Amino acid sequence: MSGDHGYKDYQMDSGARISDSQRHKDKHRDKEHKHKDHKKDKEREKSKHSNSDHREPSEKKHKDREREKEKERVKHKDDSLERHKDKEKRREEKMKSHSADGKHKREKENGFASPPRIKSENDDNGYYHSPKHEKSVKRQFEEDEVEYKPKKVKVENEKKAKKRKHEDYYEDEEEEEDVKPKKKTKDKKQETAGGKKKVKKEPEQKWKWWEEERATDGSKWRFLEHKGPVFAPPYEPLPGHVRFYYDGKPFKLSTSAEEVATFFAKMLDHEYTTKDAFRKNFFKDWRKEMISEEKGKLTDLNKCDFSELSEYFKAQSEARKQMTKEEKLKIKEENERILEEYGFCVMDNHRERIGNFRIEPPGLFRGRGNHPKMGMLKRRIRPQDVIINCSKDSKHPKPPSGTKWKEVRHDNKVTWLASWTENIQGSIKYIMLNPSSRIKGEKDWQKYETARRLKSCVDRIRNQYREDWKSKEMRIRQRAVALYFIDKLALRAGNEKEEGETADTVGCCSLRVEHIKLYPEMDGQEYVVEFDFLGKDSIRYYNKMPVEKRVFKNLQLFLENKQPEDDLFDRLNTSILNKHLQELMEGLTAKVFRTYNASITLQQQLKELTCSDDNLPAKILSYNRANRAVAILCNHQRAPPKTFEKTMQNLQTKIDEKKKQLSSAKKELKSAKADAKTLHDDKSRKAVETKKKAVQRIEEQLMKLEVQATDREENKQIALGTSKLNYLDPRISIAWCKKYEIPVEKIYNKTQREKFAWAIDMADEDFEF
DNA sequence: AGACTGACTTAGAAGCGTCTCG
DNA sequence: CGAGACGCTTCTAAGTCAGTCT
């Protein structure tokens, strides 16, 4: 590309930086002076009345562009246009070369995609494979076990199922079981245990979807039937004796205002309610729910007294705890009944667990970190807000009596069963299946297969980005350095976010100058970069890392003439980065590096840490340590649990006690020594010895306690669950279990075993990531 | 080309049930 | 045998990323 313009490129860049920083400031100014409408507001208002304050997105865009242009004109009239063209040209070139590649095919992911089959002449719908016909190469080895599966039966099953549609999936299960004679024991158990009603109990657990062919046409299912979501229970007004006070006097609230008041009252103990933004947002939205009389009178949140409501709710939850066993059981049974009815759907002949079948109840929005919208009212979702997705030929879910769904659609290109638009960000929320379901499991498996493919070409990619550090083009260098961070530090991609709509957090591509510090030398190491920023969920990422000289020099270059609030990578965004990655490997995106590095780290660490001679707890400790290494890599943290303080306090008092003990023991030792000096007898000398030993012992105990405390301290900050659930190829863990004869239950609980059933079934001890 | 949006994964906190220890 | 610790489940916010629209 623009080969000989390397340095010019950098210079031009500093120009861009200036305008960038200005844009930033401008945005801030903008935010202060102009009330920006939210997406959801737009949504809500679009249909009804148009808001005068409301700016169309395109108009806004336009204005922004205008402003930016203006600035550029002022700052560096001459080269700005040039640069623009230059940039555009390069982009164009890239786009061309990219689009030439055409679309990638996702279906090859697991390496067993069949050739684009034209099958299904006999398939009513014609867009999905019946599971039987071909087995993949990859799956062949499992075939011995399942060969007996009479393929024809499967076909028949399908056809039958289609004919009778959804009618009765229990029957399917029976058939399913008939088909698997080898599982006799279990089958029998099930038959006897649940021949009738109980059939529903773990019916599908043995469905090995991973042995079946996957659809290659992008359809996610052929048949889908469910009962629709469960709505939040209606609001129950407070009993008369529980009163809200305004300005010290009881004030009877209207039902709608009262409901919102209870949301606040329930959170009264939470730190949230003391935050300005929270209170402001809450009060604004609360007032919207008030009747005009209330609006006139209740003008100051500080004069509102919710304490009686709060007490009432506390008493209620206390009462719930005090319920008798029978009452508790009754509630439990009722919950189970609801779960049975609404917690499952039928997808392609199999009864599958739904992940979240309850619609989110109304309440106050609790954003993470410093969220500008904290405290806003999350409104109640009604049937007319909900879109249902199911098979045309299924029994459609019935909306609660007297209501209607917003829409019933039949889109089998998506996996959700129901959706609605949430009013805080205007985003869509979905009802989807449980992680144990086929649809989630396949995707998960595929994710790890992509990461494994990265393993085979990661060296090439690394060499390339190292080369790119020397590129003459700024954008290439930035891309290469960013990729290095993503690879080495497991940073997230870092999409751009709309300012003022969410908490100010960043990922790799959205890092700003203020988030890194460069130290040519630090603690005896050269070229140290210090990272300090808030990532996803406003979790702080803090890390100091020595980098290669080239990276360091590049970073210095990127920082030149920039303000703290300017983008570090001003020539890069996630879309550019991912397009590049896509060219390097099919299906490669930024997040694959996280998966890859997490899994490979686990595998390495397990190899390194496990001793075959160790006993079981020691091995499990090794596993947890390996897991922790990954959690640290991925920066998976959690706030210390509430009980943590107490636990630590207890520990601390123990330590303090020990310290006291120690000092008194030391005193005793001292006086014993003094005695010995004056008395010079054996007895006193012995006393000195015993005192000495006592001091030593207490010192040791103290040290132990202190170590325990720090250990706990460290551990409490790290969350192992997220990496275990989302980043570590379960087959690595399963292989490890098999190799060292460790029961899987020791590392995966029931839910996790359900989610990873595919891995548990297919991985043997030789599995290598 | 860039904005917007939909669909889906990833994330920590809260809630809840059970186990343990005094 | 009750309180607190702990592990699991539920909840839903907050990301990623690709496709569509303008």
Side-chain angles (χ1 to χ4, degrees), chain A residues 39 42-43 56-58 60-62 64-65 84 87-88 91-92 94-95 103-104 106 220 267 270 317 320-321 328 332 335 355-361 363 365-369 371 373-374 378 387 389 411 413-416 419 421-422 424-430 432-435 439-440 443-444 447 492-498 501-503 505-510 535-539 573-579 581-582 587-592 594-595 598 634-644 646-647 650 716 719-723 725-727 748-752:
Chain A
K39 272 189 252 166
K42 286 178 208 158
E43 250 240 342
E56 275 308 305
S58 56
K60 198 175 106 196
K61 237 189 291 170
H62 187 68
D64 281 344
R65 239 181 281 132
H84 230 83
K87 210 167 156 185
E88 266 166 24
R91 262 194 207 122
E92 255 172 40
K94 203 187 154 186
M95 288 309 285
K103 285 197 172 178
H104 50 282
R106 317 181 108 256
K220 307 292 168 68
M267 296 176 79
H270 204 288
S317 83
R320 232 171 296 135
K321 274 182 214 155
K328 280 184 183 170
K332 204 175 162 191
N335 280 335
N356 55 327
F357 58 92
R358 285 173 206 276
I359 286 199
E360 295 173 19
F365 176 74
R366 305 151 91 111
R368 309 264 168 91
H371 197 118
K373 298 190 174 182
M374 64 169 82
K378 203 166 93 165
I387 301 173
N389 192 32
D411 182 356
K413 298 280 189 280
V414 297
T415 67
W416 51 269
S419 73
T421 302
E422 153 265 3
I424 304 289
Q425 317 278 356
S427 64
I428 308 170
K429 301 269 192 164
Y430 303 94
M432 287 185 186
L433 296 193
N434 194 66
I439 215 155
K440 295 285 183 192
K443 205 72 189 301
D444 208 34
K447 173 182 78 189
R492 295 187 185 84
N495 282 309
E496 290 155 280
K497 304 166 77 187
E498 218 174 320
E501 298 287 302
T502 57
T505 63
V506 297
C508 187
C509 294
S510 49
K536 181 177 179 180
D537 292 324
S538 293
I539 298 291
N573 62 39
T574 53
S575 156
I576 294 170
L577 181 67
N578 279 333
K579 270 174 194 153
L581 292 175
Q582 192 63 236
L588 186 60
T589 63
K591 85 187 186 83
V592 179
R594 252 167 102 80
T595 312
C634 294
N635 200 38
H636 288 142
Q637 299 185 14
R638 55 169 176 174
K642 274 178 198 125
T643 56
F644 182 71
K646 233 179 240 169
T647 318
N650 290 345
K716 289 287 174 179
L720 301 185
T722 303
S723 49
L725 232 50
N726 299 302
Y727 288 104
Y748 288 140
N749 68 32
K750 188 168 146 268
T751 319
Q752 293 163 341

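Here is the naming used below: chain letters follow the sequence lines, and residue numbers restart at 1 for every chain. Just so it is clear, the model here is predicted, and its values are computed rather than measured.
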Worksheet item: Which heavy atom of A:Cys509 sits nearest a heavy atom of A:Gly494, and at what distance?
Response: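 What the structure gives for the nearest pair is CB-O, 3.6 Å.
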
Which is true for [X] with a 4.0 Å heavy-atom rule: it touches a base, it touches only sugar-phosphate, or it touches nothing?
| X | answer |
| --- | --- |
| A:Lys328 | nothing |
| A:Thr574 | nothing |
| A:Thr415 | sugar-phosphate |
| A:Gly721 | nothing |
| A:Ile539 | sugar-phosphate |
| A:Ala590 | sugar-phosphate |
| A:Gly355 | nothing |
| A:Pro435 | nothing |

Worksheet item: Relative to the 5' end of DNA chain B, which residue comes earlier, A:Glu496 or A:Ala719, by the nucleotide with the nearest heavy atom?
Response: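 The residue closer to the strand's 5' end, by nearest nucleotide, is A:Glu496.
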
Worksheet item: How do A:Asp444 and A:Ser419 order along DNA chain B: which one's closest nucleotide is nearer the 5' end?
Response: A:Ser419

Discussion item. We want to know whether A:Thr505 and A:Lys497 form a side-chain donor-acceptor pair, criterion being a heavy-atom distance below 3.5 angstrom.
Written reply: yes

Euclidean distance, atom [atom1] of residue [X] to atom [atom2] of [N] [Å, nearest integer]:
| X | N | atom1 | atom2 | answer |
| --- | --- | --- | --- | --- |
| A:Lys378 | C:dC11 | NZ | P | 11 Å |
| A:Gln752 | C:dT9 | CD | P | 8 Å |
| A:Tyr430 | B:dG6 | OH | P | 7 Å |
| A:Asn434 | C:dT9 | CG | P | 10 Å |
| A:Arg366 | B:dA14 | CZ | P | 6 Å |
| A:Asn389 | B:dC8 | CG | P | 10 Å |
| A:Asp411 | B:dC8 | CG | C1' | 14 Å |
| A:Trp416 | B:dT9 | CH2 | P | 15 Å |

Residue-phosphate contact under 4.0 Å: [X] side-chain N/O, [N] OP1/OP2:
| X | N | answer |
| --- | --- | --- |
| A:Lys373 | C:dA13 | no |
| A:Lys440 | B:dT9 | yes |
| A:Thr589 | C:dC17 | yes |
| A:His270 | B:dA14 | yes |
| A:Lys536 | B:dT9 | no |
| A:His371 | C:dA14 | yes |
| A:Tyr727 | B:dA11 | yes |
| A:Arg492 | B:dA11 | yes |
| A:Ser575 | C:dC17 | no |
| A:Lys429 | C:dA13 | yes |

Worksheet item: Which comes earlier along DNA chain C counting from the 5' end, the contact point of A:Pro361 or that of A:Asn495, where each point is its nearest nucleotide?
Response: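 The answer here is A:Pro361.
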
Discussion item. Quick check: on DNA chain C, is the nucleotide nearest A:Asn749 upstream (toward 5') of the one nearest A:Asn356, or the reverse? Name the residue that is more 5'.
Written reply: A:Asn749

Are any side-chain N or O atoms of [X] and backbone N or O atoms of [Y], one a donor and one an acceptor, separated by less than 3.5 Å?
| X | Y | value |
| --- | --- | --- |
| A:Asn578 | A:Ala590 | yes |
| A:Asn573 | A:Ser575 | yes |
| A:Gln637 | A:Ala719 | no |
| A:Lys373 | A:Phe365 | no |
| A:Asn726 | A:Thr722 | yes |
| A:Asn356 | A:Tyr430 | yes |

Fill in: Spacing of A:Lys220 atom NZ and A:Trp416 atom CH2 [to the nearest 0.5 Å]
12.0 Å

Discussion item. I need the A:Arg366 CZ to A:Met267 CE distance, nearest 0.5 Å.
Written reply: 3.5 Å

Candidate nucleotides [options], ranked by approach to the side chain of [X] - the nearest:
| X | options | value |
| --- | --- | --- |
| A:Ala493 | C:dT9, C:dT16, C:dA13 | C:dT16 |
| A:Lys591 | B:dA7, B:dG12, B:dT9 | B:dT9 |
| A:Asn578 | C:dC11, C:dA18, B:dT9 | C:dA18 |
| A:Val414 | B:dC8, C:dA14, B:dT10 | B:dC8 |
| A:Asn726 | C:dA13, C:dC8, B:dT10 | B:dT10 |
| A:Ile428 | B:dA7, B:dT10, B:dG12 | B:dA7 |

Worksheet, complete the sentence: Whether each nucleotide of nucleotides 16-21 of chain B has a protein heavy atom under 4.0 Å at its base (B), only at its sugar-phosphate (S) or at neither (-) is summarised, 5' to 3', as ------

